[in-house]
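The next block holds one structure in the form of structure tokens; read it before the comments.
No experiment lies behind these values; they were computed from the predicted model shown. What's counted below: heavy atoms across the whole structure, side chains too, no hydrogens, waters or symmetry copies. Naming convention: chains lettered A, B, ... in sequence-line order (proteins, then strands); numbering from 1 in each chain.
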Number of protein chains: 2
Amino acid sequence: MSETITRYHHGNLRAELLACAERKLESTGVQGLSLRELAREVGVSHGAPRQHFPDKQALLDALAVLGLQRLGSELDAALGAAEGDFADRLIAFARAYVRFATTHPALLELMFARKDRADAPELQEANARAFAAPSALIAAGQADGEIDGEDPDRVAMALLATIQGLAAVITGGKIGDRPVDSVVTGTIETLLRGLRPRPAA
Amino acid sequence: MSETITRYHHGNLRAELLACAERKLESTGVQGLSLRELAREVGVSHGAPRQHFPDKQALLDALAVLGLQRLGSELDAALGAAEGDFADRLIAFARAYVRFATTHPALLELMFARKDRADAPELQEANARAFAAPSALIAAGQADGEIDGEDPDRVAMALLATIQGLAAVITGGKIGDRPVDSVVTGTIETLLRGLRPRPAA
DNA sequence: CTAGAATCTAGTCACTGTCTAGAAATGTAG
DNA sequence: CTACATTTCTAGACAGTGACTAGATTCTAG
């Protein structure tokens, strides 16, 4: 912004690398992300990124953490602004999640890429933090009797799985020309109807 | 087996490359798949694979097609052996799908690699063929009134999305120590309960 | 038997991620 | 202000990769 002068010490290489990487990620995918090209675009030698990320995977992990933080913020905002009953709030959450998934598909892929990754605790922590509000919402719904009891977090898992699957189907382009929001709303309503306790069979 | 003699012409390089690639895929993931290493393991020069696959992506596409064919076979077998009512058959399908997804996670990732890939029509054809039987099952369920009408293939999409999401959640390791089959069964039953037409609200 | 096509080898190129040594800038006592 | 230590960046090197090319070898029609 204010300083276009190329100093020897860049100043905030780490942040700019991450920003540039995220920009590139959405356009070229994970495959087309090169540390050297990144360094070139930021205007720094090819070995410079190593000072801030010991590994390419470290850069990707940092990107994933950033993505989880942003996703968490958007989910929090959506749930904070949501009004109405339990179903309305749950649908608001689903919509926000799907919106993020369709807006940043490559980032999402990165965020949920590797399975265990026990070597990256900060990733799991960021993950838990991002889904704190939705988890609380579902727990509250169960406490209020909006959801059939049984195994409490098994139904939570079913809900999250469905929303995740919706996002995957939509980003996969298998939705055709249907409006996204109505598909998401309809699916969640259907699932909720099956989850709601019913007086008699 | 019968011929360990290394002839100049390998005989069936293409098939063996695919087999070796699929073996490697499950152990190292897509990232750790190298054309040169593949050629080395099969005992052939590094340029040989190019005769059968003009591109690395072509090799990956062929792998995906093979995977879709195998998935289709397993789904057909599961649905063919399934007995009982609509719900039982649908659950059989879901279980077979999840079993495949958990057994070959890297292959599945390849099969549904998020891209339009309009340049690979054989992939889309293989995809349609693999899901022919499940689609027919769902359509039959709708025709028999087992499923609430509305938009016919919107509910089909919801079902597929849920199953796909279940597979993603399970391969992601977020299932804990719960038994896979009961989670799958429970989720599908819940979803079906919501889909079934009910007399009154 | 003999062209011609199919198949494989070997060499090359640009590119990548990682590693190393050292230069340049910054920070910190004295 | 000076001298030293640390951080940050540069530059060069290395093995490995995917892609391309020319040419050797084998198979297969005619």
In whole angstrom, what separates A/Q51's CD from C/dA21's P? 14 Å

C/dT18 phosphate, OP1 or OP2, under 4.0 Å from A/H46 side-chain N/O: no

Taking the six-membered ring for Trp, are A/Y97 and A/F131 parallel (under 30°), tilted (30 to 60°) or perpendicular (over 60°)? tilted

Verify the contact: side-chain N or O of A/R40 to OP1 or OP2 of C/dT16, cut-off strictly under 4.0 Å; return yes or no. yes

NZ of A/K56 versus P of D/dT17: gap in Å, rounded? 15 Å

Examine the base of C/dT18 for any acceptor or donor lying under 3.5 Å from a partner atom in the side chain of A/R36, and report the outcome as yes or no. yes

Closest approach of B/L33 and B/A21, non-hydrogen atoms and distance? CD1-O, 3.8 Å

Tell me which of B/S45 and A/L35 sits closer to the 5' end of DNA chain C, going by the nucleotide each one is nearest to. B/S45

Would you tell me if any nitrogen or oxygen in the side chain of B/S34 comes within less than 4.0 Å of OP1 or OP2 on D/dG16? no

Could you tell me how far apart A/L17 (CG) and D/dC9 (P) are, to the nearest whole angstrom? 9 Å

Output the rounded distance in Å from CG (B/N12) to P (C/dT7). 12 Å

Output the rounded distance in Å from CD (A/E16) to P (D/dT8). 16 Å

Calculate the interatomic distance between B/L33 atom CG and D/dG16 atom P; express it in whole Å. 17 Å

Between P of D/dT7 and CZ of A/F53, the distance in whole Å: 17 Å

Length of the CG-P vector between A/D55 and C/dG17, whole Å: 10 Å

Is B/K24 salt-bridged to B/E41, cutoff N-O under 4.0 Å? yes

Contacts of B/E37 and A/G47 projected onto DNA chain D by closest heavy atom; the upstream (5') one is A/G47

Check whether B/T28 reaches the backbone of B/L25 with its side chain - one donor and one acceptor, N or O, closer than 3.5 Å. no

Between B/E125 and B/R129, does any NZ, NE, NH1 or NH2 come within less than 4.0 Å of an OD or OE carboxylate oxygen? yes

Check every atom of C/dT9, C/dT12, D/dC9 against the side chain of A/A48 and return the nucleotide holding the closest atom. D/dC9

